[in-house]
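Quick notes on the structure that follows.
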Amino acid sequence: MAITQLSAFLENAPGTLCDTVAAITDAGVNIRALSVADTKDFGILRMIVSDIEKTKTALADTMVKETPVIAVRMNDTAGALKKILNILKAEGVNIEYVYAFTGSELGDAYVVLRVDETEKAEEILAKNGTPTLSDEDIKQFLNK
Amino acid sequence: MKRYYQPEIETASREEILKIQNEKIVKQVRYVYDNVPYYRNLMDKKGVTPDDIKSVDDIKKLPFLTKDDLREAYPYGLLGTDLKNCVRIHSTSGTTGKRVVAFYTQHDIDLWEDCCARAIVAAGGSDEDVCQVCYGYGLFTGGSGLHGGSHKVGCLTLPMSSGNTDRQIQFMMDLGSTIICCTPSYAAYIGESLAEKGYKPEDNKLKAGIFGAEPWTEEMRREIEKSLGIKAYDIYGLTETSGPGVAFECEEQTGMHINEDHFYAEIIDPDTGEVLPEGEKGELVFTSLDKEGFPLLRYRTKDICILSRKPCSCGRTHVKMSKPFGRSDDMMIIRGVNVFPSQIEAVLLNEGYPPNYQIVVDRVNNTDTFDIYVESTPEMFSDKVSDMQAGEDKLKLAMRSMLGIGPKIHLVAPKTIQRSEGKAVRVIDKRKLH
């Protein structure tokens, strides 16, 4: 089951990332993973948060979009990411972007994948013994 | 409901209008020659006397007046009567240089307000209506012009002036405004603010809006009509010729009827000054026919438009002017190409962007740079950079095919481009060309 990623439009100016993060933090939300894609004029802040609704309220004045992405839990060892990517490659699933982070427990790591065919990717990952996480899992795993 | 404010004159035959114009022009030229030394000098230099002007056909013999003349003659050089006969002054914003002040006698105010009343009735206004005037009041002509017109029609007039949008909306909803008068950019902003407060277009009682004082496009008209749930009418005027109401739109929305009993319009070639035949695009020139305080003969407006005498379904017989294609002062020449902000606005609205934008022109290493800052919308926002860039590229392509040159597009966050409560500042030209 896919998880929900929030993307926020950031103008390319000093302080916008700080202000956005501050607004989320002030709402009592924990950002568990984030990446920023930047262009000349703007950035796209993508994040996995502990509370989606609270975050959307905190960012009412910012453009925010929900996107289903795939999150996979893996061992924090060399070759773990390669294994996942190989599964997707074999089935011709295209990856739009990816970011990874280590978990709160030693030896844990997570990878967030935005792919062109979310359902298919989930299916084949599960078939190959790498189940994807759900929003519920994220809460459980990440809100410790 | 009345269809016309002054039906006899608004639907008069061509012959009747010409007769009125011919009688008035002879008197007006004589009056100016006798009372305005500045213009008398111009006529003397050209070798024209009042006796040479026997009808409107002779207007082409008269010298032109330009904004430069008005500045040179500031403040009293073009005054047509003793100050003691004048009751009011209005002034241009002065953003393009020295201010121009115009003087009004009570007679001038009356005929100006009549013109505005004609515009309000043409937009469906009557004494049953609540007319919210949110043009600026003060030196700017917009507020007092429509205010006076609204009184003449007998509307319940809300003299809001511009700004304080929350209060505008509160009065609009609480007092049931049915007609709104303001700049089109402010109308768009009010529409946006209403939606933000959770109002639907059908929640307000507005039926018509009378918008002018800045250039706007058909696309923007549709946008405003949709967001406010109204029919949007254009109105034209300039401080120099009294203010709004020189020309106004009827329900046909295909151009603005010029009040020909007070203003004689010509279209000239802006380069040669030659009068162009009906239907050709050129610079609009106005001659006042019965002004006392600030009579202007052959004033060059710098507005580029077309005149049409095609019969109008509304029954009005006065000549129609097209929406100005742009002011020759608004026109930018970028890399040798003529660009009007109105063209840019049209592309933005067609491509689904809001009509809030800023154009920045500069010159770097002897080459013009051309940047457009555009507000993105939640609909087009994507988590993928490639999608966003594809959107920018599509907009850039649409701009290129409309303008002939491609601007750099910069997407900015919604509501970050400054909203205007009066005339919107769309263009920042940093080039030092003068």
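In what follows, every heavy atom counts, from backbone to side chain, and hydrogens, waters and symmetry copies are set aside. Naming convention: chains lettered A, B, ... in sequence-line order (proteins, then strands); numbering from 1 in each chain.
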Margin query: Under 4.5 Å from any heavy atom of chain A, what part of B:Thr416 do you find: side chain, backbone, both or neither?
Written below: side chain
Note to self: Under a 3.5 Å distance rule, please check whether A:Asn128 uses its side chain to pair with a backbone N or O of A:Thr130 as donor and acceptor.
What the structure shows: no
Note to self: Applying side-chain contact (heavy atoms from CB on, under 4.5 Å), can you list everything that pairs with A:Asn75, at least two apart in sequence or on another chain?
What the structure shows: A:Thr77
Note to self: Could you go through A:Asp135 and A:Thr4, starting from their C-alpha distance and side-chain angles, then the distance that decides it, and tell me whether this counts as side-chain hydrogen bond (donor to acceptor under 3.5 Å, both in side chains)?
What the structure shows: CA-CA 7 Å; A:Asp135 279 334; A:Thr4 307; 2.8 Å; yes
Notebook entry, point to check: With A:Thr25, which residues qualify under side-chain contact (heavy atoms from CB on, under 4.5 Å), at least two apart?
Noted result: A:Val21
Margin query: Using the side-chain hydrogen bond (donor to acceptor under 3.5 Å, both in side chains) definition, which of the options B:Trp216, B:Tyr353, B:Tyr357 pairs with B:Glu345?
Written below: B:Tyr357
Notebook entry, point to check: Does anything in residues 386-395 of chain B get under 4.5 Å of chain A by heavy atoms, and if so which residues?
Noted result: B:Met388, B:Gln389, B:Glu392
Next item on the list: Examine A:Arg46 relative to A:Tyr97 and say whether NZ or CZ is less than 6.0 Å from the centre of the six-membered ring and inside a 45° cone about the ring axis.
Entry: yes
Check: Taking NZ, NE, NH1 and NH2 as the nitrogens, is one of them in B:Asp368 or B:Arg363 under 4.0 Å from a carboxylate oxygen of the other?
Finding: yes
Item checked: Contact list for residues 3-57 of chain A, test ring-ring contact (aromatic ring centres under 6.0 Å, His included), sequence neighbours left out -> A:Phe9-A:Phe42, A:Phe9-B:Phe381
Item checked: Part of A:Val64 within contact of chain B (heavy atom distance under 4.5 Å) -> backbone
Next item on the list: Could you tell me which portion of A:Ala8 (side chain, backbone, both or neither) has an atom closer than 4.5 angstrom to a non-hydrogen atom of chain B?
Entry: backbone
Next item on the list: Tell me, for A:Glu66 versus chain B, whether the close heavy atoms (under 4.5 Å) come from the side chain, the backbone, both or neither.
Entry: neither
